[in-house]
**Student:** 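Dropping the structure in here first, questions after.
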Amino acid sequence: MGYEFGAIDAVCNFEFDMPGIVRPEWSKTFITEKIGMDGDVINGYSVDGFIEKMDRAGIDHVFLIAVKAGSASQKIHRHISYELVAEVCRQRPDKFSGLAGIDPTMGMEGLREMERGIRDYGFVGAHLYPHWFDMAPDHARYYPFYAKCCELDVPIQMQVGHCLRYSVERPLKSVGRPITLDTIACDFPELKLVGIHIGWPWTEEMISVAYKHPNVYIGSDAYAPKHWPAAFVHFINSWGRKKVIFGTDFPVIDLERAREEIEDLGLRPASARAFLRNNVIDLYKLPLPRVEMPEAAE
């Protein structure tokens with residue numbers, strides 16, 4: 001299917017067949033049974049093979065997460081190294097940017113690693129999974145990372161809403177109520193915050209926080225567009241046009257499926273351009289061209 005312009009996926013997991021990638025058994029079960037993806041994801045993609053998938057979906061660029069899903073001291077966790085993500089971004093900087101996953105239990109070591117990822121590897125922002133650490137987003141242990149993001153002038157993404165059951169051995173608490181971002185935004189007015197996973201089932205709560213604070217945004221990932229709440233679609237298409245960025249959380253939502261279902265939403269042209277591309281370019285200061293349209297056509 002041809003698209004008028006290329007989208008930017010701001011939330012994408014690192015699913016490449018590279019030395020050093022280990023997928024735990026609980027993760028394989030989650031991929032195949034919980035979200036219903038096939039073995040292609042488990043086996044991993046070549047860089048060229050994934051770019052072909054991006055091209056079919058009309059996606060020009062993706063953010064790859066150097067994920068830190070839990071502390072390494074826990075049996076159930078998964079980390080993707082900064083070095084692996086940086087290597088793929090180095091190979092194709094036109095197609096990939098990196099996000100620095102953070103682990104608050106690493107203390108100053110983790111803070112220095114995040115700074116190194118941004119300063120030395122060129123990562124465009126930070127990423128956090130609060131539920132993997134059993135601490136709500138406004139917990140004090142995250143605050144040094146928020147302060148560092150302000151200093152480096154980069155956004156931080158964090159999952160808000162409930163979390164799924166990733167493994168039988170270690171169910172995680174859903175600590176990410178969107179309203180906690182209100183506290184963070186009040187304490188760090190300069191911090192650029194992105195509440196990813198749409199905040200479901202508290203999506204309207206997430207919308208209210210994004211509306212209140214100039215530097216709070218919403219990521220559309222992890223839920224299929226055809227199932228998005230009507231209030232969320234209306235926000236994208238009207239009064240929240242500049243406050244939502246596109247993402248898939250691939251492989252949770254397939255790239256091609258996401259783009260096709262967004263087309264079916266019937267967004268206004270100006271809203272679609274902002275949501276799928278321009279907002280993330282502006283927020284992350286990406287050296288990529290925006291897509292514009294005549295003002296009269298909006």
Side-chain angles (χ1 to χ4, degrees), residues 1-23 27-28 31-32 35-67 78-101 117-118 121-125 127 155 157 194 196 219-222 224-225 245-263 272-273 275-291:
M1 181 176 182
Y3 296 99
E4 187 179 347
F5 60 89
I8 299 172
D9 183 348
V11 190
C12 188
N13 289 290
F14 191 87
E15 302 294 350
F16 295 95
D17 180 16
M18 298 179 69
I21 294 294
V22 177
R23 184 178 288 284
S27 178
K28 295 178 183 178
I31 291 292
T32 57
I35 65 175
M37 293 296 286
D38 59 30
D40 287 346
V41 174
I42 292 175
N43 295 329
Y45 290 84
S46 68
V47 172
D48 289 342
F50 192 76
I51 290 173
E52 289 174 4
K53 185 174 187 63
M54 291 169 58
D55 290 343
R56 291 194 299 271
I59 293 175
D60 282 352
H61 198 87
V62 303
F63 291 1
L64 299 173
I65 307 167
V67 73
R78 190 172 191 230
H79 288 188
I80 301 294
S81 78
Y82 283 23
E83 289 74 19
L84 285 175
V85 173
E87 172 59 22
V88 172
C89 294
R90 185 196 63 78
Q91 290 179 31
R92 291 299 304 268
D94 58 323
K95 291 295 183 182
F96 303 112
S97 295
L99 294 176
I118 293 164
Y121 294 150
F123 291 174
V124 296
H127 179 280
Q157 300 179 4
V194 184
I196 61 173
S220 73
D221 60 299
I245 62 174
F246 169 63
T248 61
D249 198 32
F250 180 83
V252 178
I253 301 298
D254 185 75
L255 306 183
E256 293 162 84
R257 174 186 181 181
R259 195 72 199 268
E260 290 173 3
E261 291 186 2
I262 287 169
E263 289 293 309
R273 284 163 170 74
F275 164 55
L276 288 166
R277 188 177 178 95
N278 291 344
N279 289 347
V280 73
I281 288 174
D282 295 342
L283 176 60
Y284 283 85
K285 301 179 180 179
L286 302 178
L288 297 172
R290 301 170 89 259
V291 288

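Keep in mind it's a predicted model, so treat the numbers as computed, not measured.
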**Student:** Measure the CZ-CZ distance between R259 and F246 for me, rounded to the nearest 0.5 Å.
**Tutor:**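 Between R259 CZ and F246 CZ, I get 7.0 Å after rounding to 0.5 Å.
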**Student:** Do NZ/NE/NH1/NH2 and the carboxylate oxygens of K95 and D55 come within less than 4.0 Å?
**Tutor:**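 Looking at K95 and D55, the cut-off is met.
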**Student:** Do side-chain atoms of N13 reach the backbone of F250 as a donor and acceptor pair under 3.5 angstrom?
**Tutor:**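 Such a contact is found between N13 side chain and F250 backbone.
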**Student:** Any non-hydrogen side-chain atom of I80 less than 4.5 Å from a side-chain atom of F16?
**Tutor:**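 Not touching, per the 4.5 Å side-chain cut-off.
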**Student:** Please report the C-alpha distance between L99 and L64 in whole Å, then the side-chain angles of each, then the deciding distance to 0.1 Å, and finally whether the side chain to side chain contact (heavy atoms under 4.5 Å, CB included) criterion is met.
**Tutor:** CA-CA 6 Å; L99 294 176; L64 299 173; over 6 Å; no
**Student:** Please identify each residue that fulfils salt bridge (charged side-chain N to carboxylate O under 4.0 Å, His left out) with D249, with sequence neighbours left out.
**Tutor:**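 If we apply the salt bridge (charged side-chain N to carboxylate O under 4.0 Å, His left out) test to D249, skipping adjacent residues, there are no hits.
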**Student:** If you take all heavy atoms of I262 and P225, which pair is closest and at what distance?
**Tutor:**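 So the minimum-distance heavy-atom pair works out to CG1-CG, 3.7 Å.
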**Student:** Closest heavy-atom contact between Y284 and V194?
**Tutor:**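 Shortest heavy-atom contact: OH-CG2, 4.1 Å.
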**Student:** Test of understanding: with side chain to side chain donor-acceptor pair (under 3.5 Å), list the residues that count as partners of D48, not counting sequence neighbours.
**Tutor:**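 Listed in chain order: nothing, the list is empty.
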**Student:** Between I51 and Y45, is any pair of side-chain heavy atoms under 4.5 Å apart?
**Tutor:**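 They are not in contact (no side-chain heavy atoms under 4.5 Å apart), so the answer is no.
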**Student:** Hey, could you give me the OG/CE distance between S46 and M18, rounded to the nearest 0.5 Å?
**Tutor:**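 Answer rounded to 0.5 Å: 11.0 Å.
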**Student:** Could you list the residues that satisfy salt bridge (charged side-chain N to carboxylate O under 4.0 Å, His left out) with E87, not counting sequence neighbours?
**Tutor:**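 So E87 forms a salt bridge (charged side-chain N to carboxylate O under 4.0 Å, His left out) with R90.
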**Student:** Can you tell me how far CD1 of I196 sits from CD1 of I65, rounded to the nearest 0.5 angstrom?
**Tutor:**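 Here the interatomic distance stands at 6.0 Å.
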**Student:** So, for Y3 and A57, which heavy atoms are closest and what is the spacing to 0.1 Å?
**Tutor:**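 The answer is CE1-O, 3.6 Å.
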**Student:** A side-chain contact here means heavy atoms from C-beta on lying under 4.5 Å apart; do D221 and I253 qualify?
**Tutor:**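 No, too far: nothing below the 4.5 Å cut-off.
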**Student:** Excluding sequence neighbours, so at least two apart, what forms side chain to side chain donor-acceptor pair (under 3.5 Å) with K285?
**Tutor:**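 D153.
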**Student:** Any donor and acceptor pair, going by atom type alone, linking the side chain of Q157 with main-chain N or O of A10 inside 3.5 Å?
**Tutor:**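 A pair under 3.5 Å: yes.
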**Student:** If you look at every heavy atom in F5 and A272, which pair is closest and at what distance?
**Tutor:**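 Smallest heavy-atom distance, with atoms named: CZ-O, 3.8 Å.
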**Student:** Any donor-acceptor pair under 3.5 Å linking the side chain of R277 with the backbone of P289?
**Tutor:**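 Between the backbone of P289 and the side chain of R277 there is a qualifying donor-acceptor contact (under 3.5 Å).
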**Student:** Going by the rule side chain to side chain donor-acceptor pair (under 3.5 Å), which residues pair with N278 if we only count those two or more places apart in sequence or in a different chain?
**Tutor:**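 If we apply the side chain to side chain donor-acceptor pair (under 3.5 Å) test to N278, skipping adjacent residues, there are no hits.
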**Student:** Within the side chain of S220, is there an N or O that forms a donor-acceptor pair under 3.5 Å with the backbone of G247?
**Tutor:**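 At least one qualifying donor-acceptor pair exists.
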**Student:** First locate atom CZ of F63, then atom CD1 of I8, and finally report the distance between them rounded to the nearest 0.5 Å.
**Tutor:**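 Going from the CZ atom of F63 to the CD1 atom of I8 covers 6.5 Å.
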**Student:** Could you check whether any side-chain heavy atom of V11 comes within less than 4.5 Å of a side-chain heavy atom of T248, counting everything from C-beta outward?
**Tutor:**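 No. Closest side-chain heavy atoms not under 4.5 Å.
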**Student:** Of all residues at least two apart in sequence or in a different chain, which pass the side chain to side chain donor-acceptor pair (under 3.5 Å) check with D282?
**Tutor:**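 Counting only residues at least two positions away or on another chain, D282 forms a side chain to side chain donor-acceptor pair (under 3.5 Å) with R290.
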**Student:** Report the distance from atom CG of D94 to atom NE2 of H61, rounding to the nearest 0.5 Å.
**Tutor:**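 Separation between the atoms: 8.0 Å.
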**Student:** Closest approach of F123 and Y82, non-hydrogen atoms and distance?
**Tutor:**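 Shortest heavy-atom contact: CZ-O, 3.5 Å.
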**Student:** Nearest 0.5 Å, please: how far is NZ in K53 from CD in E15?
**Tutor:**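 Spacing of CD (E15) from NZ (K53) equals 11.5 Å.
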**Student:** Quick check: closest heavy atoms across F50 and C12, and the distance to 0.1 Å?
**Tutor:**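 Closest heavy-atom pair between F50 and C12: CZ-SG, 3.7 Å.
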